[in-house]
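Just so you know, ligand 1 is whichever comes first in the structure, and atom 1 is the first atom listed for that ligand. All figures in this text were calculated on a predicted structure; none of them were measured in a lab.
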Amino acid sequence: MLDRTHHVRQIKYQFEYTRRLKACFVGAGGHSFRNVYPALRYAPVDLAAVSDIALDRAQAYARLFGGERAYSDHREMLERERPDLVFIVTSYHPDGRVQATDIAKDVLAAGAHVWMEKPTAASLEEVRDLSVRSKAAGRQVMTGLKKIFFPAIEKLGEIAASPEFGRLSSLYLRYPQALPAPSRRGDLVAMESFLDHIYHPAAILNFLAGPISRATYEWESHNGGCVLSMRFASGAIGTAHFAAGSSGSSPFERVEVIGENANAVVDNGTRLTYYRRADLPTYGRAASFIQPEANAPLHWEPENSLGQLYNNNMFFLGYVPEILHLCDAILESRQITKGTLENVIEIMKLFEFFRSTDAGVTATI
Ligand SMILES: NC(=O)c1ccc[n+]([C@@H]2O[C@H](COP(=O)([O-])OP(=O)(O)OC[C@H]3O[C@@H](n4cnc5c(N)ncnc54)[C@H](O)[C@@H]3O)[C@@H](O)[C@H]2O)c1
């Protein structure tokens, strides 16, 4: 088997980088405290300033995470600091629109690159507008699609694209999320949780199989669970099970890809099994299930004993890798290839499909 994981990236600590980007951060909330500011320890960035409308939190985050200054107004921060790159991790307006969308426009207008958390926006139109502004400004906008930076999902993508696997023919993805009742889907506030979460499974679907060409779904009114059936432009087919009503004690996710006489599964984001191309042992006659080592399944999962980076959620949930993806691209003057606005446009098409299509109807995406 061809192994494209020829090397595992060796991580530098922030202070070891000789070239660093001047960064600002908009938003000092819960998720950024837990998962984004701490990830900057491993990125080539100098945190110049933090802004939050709650100045006391901006000050506390600046003190704790090494920011030089704190602001309550991001526009004033952009004007005074003139950063290379701005991280935006904010929330929703009372009407359900995404706060980060307009902030990203301000950042582009100030001439900086944008790293923003999902959701990028609450409509396809707004993402297209952001894309036009990004091109006009000559600055990149990356959305934190962390799922496609999970090492297990990256490897799944590599397996699915390999000649030994055969052509990707179908896939299945499980993710617990509830779709509101049809009468509420026009209301962005009612759709907030669905918008917030659809980025995760949709990012994986897009990463593995590309754009969806048509889709249909069934919906149950009890939990809001949903089963989506898709045909991809590539010719592959897929299903997503939005398993609303699952137990809080259960792992969330399972993704399986099928090739030609081969398949691979990621369970719980970290357990990857690759059932390599193999024939079924002779039906009714084979005395053992043991296959030759050359086509035996391969299995990966992290050890959880050592204080390593790879068994830290900062890494296995993709937070550091997604930030490095943008920083590397900026420092090397090239375009990002993951978390792009083109990826996000495909995610938003799926979001709008659910808002505008009744259960049981097949729609072109
Ligand atoms: N990828 C993931 O794993 C993941 C997990 C959780 C949340 N998120 C995303 O992170 C984002 C934040 O979620 P959260 O739960 O931390 O929200 P939060 O409400 O705790 O934090 C948002 C912060 O943004 C600040 N803010 C709002 N408007 C601002 C402005 N104009 N200027 C400066 N600060 C402003 C708020 O005061 C608040 O402190 C959401 O987009 C959410 O979808 C992603």
task = Go through the steps for Glu346 and Lys349 under the test salt bridge (charged side-chain N to carboxylate O under 4.0 Å, His left out), then give the verdict.
result = CA-CA 5 Å; Glu346 296 305 321; Lys349 285 183 191 169; 3.1 Å; yes

Give every pair made of an N or O atom of ligand 1 and a protein N or O atom lying under 3.5 Å apart, one pair per line with both atom names and the distance to 0.1 Å, or write 'none'.
unit_1   : atom_1 : unit_2 : atom_2 : d
ligand 1 : 1 (N)  : Glu117 : OE1    : 3.4
ligand 1 : 1 (N)  : Glu117 : OE2    : 3.3
ligand 1 : 3 (O)  : Lys146 : NZ     : 2.8
ligand 1 : 3 (O)  : Tyr319 : OH     : 2.7
ligand 1 : 16 (O) : Gly30  : N      : 3.3
ligand 1 : 16 (O) : His31  : N      : 2.7
ligand 1 : 20 (O) : Gly30  : N      : 3.0
ligand 1 : 37 (O) : Asp52  : OD1    : 2.6
ligand 1 : 37 (O) : Asp52  : OD2    : 3.4
ligand 1 : 39 (O) : Ala28  : O      : 3.3
ligand 1 : 39 (O) : Asp52  : OD2    : 2.7
ligand 1 : 39 (O) : Arg57  : NH2    : 2.5
ligand 1 : 41 (O) : Thr90  : O      : 3.3
ligand 1 : 41 (O) : Lys118 : O      : 3.0
ligand 1 : 43 (O) : Lys118 : O      : 3.1
ligand 1 : 43 (O) : Lys118 : NZ     : 3.0
ligand 1 : 43 (O) : Asp196 : OD1    : 2.8
ligand 1 : 43 (O) : Asp196 : OD2    : 3.4

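At least one donor-acceptor pair closer than 3.5 Å links the side chain of Arg19 to the backbone N or O of Leu331. Put simply, the side chain of Asn343 gets close to the backbone of Gly339: a donor and an acceptor are under 3.5 Å apart.
Between Ile88 and His74 there is no side-chain heavy-atom pair separated by less than 4.5 Å. Asp46 is listed as a side-chain neighbour of Gln14, based on a closest heavy-atom distance under 4.5 Å.
A salt bridge links Glu342 with Lys135; the closest basic N to acidic carboxylate O contact falls under 4.0 Å.
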